[in-house]
A.B. asks: 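Have a look at this one.
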2 protein chains.
Amino acid sequence: MACSLEDHREYLHQHGIKSTRPRNLVWEILLTHDGILSAEEIYQTAVQQGETVNFSTIYRVLELFVEKGLVEKSFFPGTQKNVFSVCHVGHTHHLICLRCHKTVDISPCPLSDLEKQIAAKTDFQIVGHHLEIYGYCPECRKIMK
Amino acid sequence: MACSLEDHREYLHQHGIKSTRPRNLVWEILLTHDGILSAEEIYQTAVQQGETVNFSTIYRVLELFVEKGLVEKSFFPGTQKNVFSVCHVGHTHHLICLRCHKTVDISPCPLSDLEKQIAAKTDFQIVGHHLEIYGYCPECRKIMK
DNA sequence: TTGGTTGCAAATCGTTTGCATCCCG
DNA sequence: CGGGATGCAAACGATTTGCAACCAA
C-alpha cells in the first residue's frame, strides 16, 4: 500500500472529511504510531514535531473520525483516559502491555462465532463489542525481573 | 444459596472488610441489582431507599471491593462513567443493552483458550482482559420498532 | 464569500483528596 | 479508647462547550 501524505489526505477526503491542517496532523500521527494513543499523547507528538494544535481540536477531530468509522475509541485500563486507534479492515483487537503501553494487534477478531451463539441464545441484536487483553510484554517482563 | 442480610455481611467479613453502614448498603445494592451499576446509580438507589451516603464514600467502598476482588470495575460505552458489578465465581462477562442498560451474564468466559494461544504466540504474560458485548435487548428492539 | 473549522477560555463531569469528626471492635 | 471509616468541601484531570476569528472550497 502506498503511504504518501497525499494518499492519506485523499483517504480522508473519500470519507467526507474536509482537509485541514489539524485533521491531517492527527490522522498522520495515528497512522505513524500504529497502536493506541490518548489525546494527550497525540498532543505531545504534535508538539515534538513542531506543530501546534489545540486540545479541543484534537478531541473534535477524533470524535469526527470515530463518527466516520475511521477510528475506534476505547479506554486504557487503570486510567480515566480514552485512547484511540485506527480501525483496521477486518476489525482487530489489542493486546496491551500494562507497563510500556506497547500494543499488538489480535486479528482476525475471534468473537464473531461467539456473537452469533449469544444472539441466538438471548435474542439480543448485537451491534458491537469491546475486547482488550492486558499483560506484560517480553521486554517489560525482563525489566521487571 | 441463602441470601439474608447477615449472610451478606458475613461474606464481607470473610473478605476482611469491616462492617459499616455504607459498605453494607453499597454491597446490598450491588447484589440486588445484579448487573452493572455506576456510582451515580448506586447513589440514587440508596437515596430512593431513604438512605444517605456520600459520593466519596461510595467511591472508596467500591475501590475497596475491587481491591478485595469482590467487584469488577469497567466502563460503560458511550459515556465517561465507570460501572461496577459483583464478580461471579468463574469470571463472567456482560451482554449490555445500549438502550435500557439491562445486562445478561455471559459465562463461562469464552476467552481462556484464546488467551493461551495468544500468550504462546506473543510471549506476553497475560494478566487479564476486558470483554463486553453491546446490543439491543428483545424488549427495546420492539419499542424501537 | 461563507459555512464549516479552529483556538481560546471557561464550564462541565466524574472522580479523588485533605481534613476534622465519627464509630466499630 | 484508638485507628480506621465517613462526610464535607474543595481539588483534580479529562473532556466538552460557547463564541469570535479564521480558512478551505
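Sequence lines set the chain letters: A, B, ... in the order given, protein chains first and strands last, and positions in each chain run from 1.
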A.B. asks: Quick one, which residues of residues 59-74 of chain B touch DNA chain C with a heavy atom under 4.0 Å?
C.D. replies: B/Y59, B/R60
A.B. asks: Does A/N82 have a side-chain nitrogen or oxygen under 4.0 Å from the phosphate oxygens OP1 or OP2 of D/dA14?
C.D. replies: no
A.B. asks: To the nearest Å, how far apart are A/F76 CZ and D/dT15 C1'?
C.D. replies: 19 Å
A.B. asks: Hey, does B/S19 reach any base, or is it just sugar-phosphate, or nothing, if we go heavy atoms under 4.0 Å?
C.D. replies: sugar-phosphate
A.B. asks: With a 4.5 Å cut-off on side-chain heavy atoms, are A/T122 and B/I106 touching?
C.D. replies: no
A.B. asks: Is the ring pair A/H130/B/H130 parallel, tilted or perpendicular, if the boundaries are 30 and 60 degrees?
C.D. replies: perpendicular
A.B. asks: Side chains of B/Q44 and B/Q48: is there a donor and an acceptor less than 3.5 Å apart?
C.D. replies: no
A.B. asks: State plainly whether one hydrophobic cluster holds both A/F75 and B/I36, where clusters connect Ile, Leu, Val, Met, Phe, Trp and Tyr through side-chain heavy atoms under 4.5 angstrom apart.
C.D. replies: no
A.B. asks: What are the 5'-most and 3'-most nucleotides of DNA chain C lying under 4.0 Å from any heavy atom of chain B?
C.D. replies: C/dG14 to C/dG25
A.B. asks: Using the salt bridge (charged side-chain N to carboxylate O under 4.0 Å, His left out) rule, take A/K73 and A/E63 through it: C-alpha gap first, then chi angles, then the decisive distance, then the call.
C.D. replies: CA-CA 9 Å; A/K73 177 179 181 177; A/E63 192 189 345; over 6 Å; no
A.B. asks: Please state whether the phosphate of D/dG7, meaning OP1 or OP2, lies under 4.0 angstrom from any side-chain nitrogen or oxygen of B/S56.
C.D. replies: no
A.B. asks: Below 4.0 angstrom, which residues in residues 38-46 of chain A have at least one non-hydrogen atom near DNA chain C?
C.D. replies: none
A.B. asks: Please report whether the ring centroid of B/H129 lies less than 6.0 Å from that of B/H93.
C.D. replies: yes
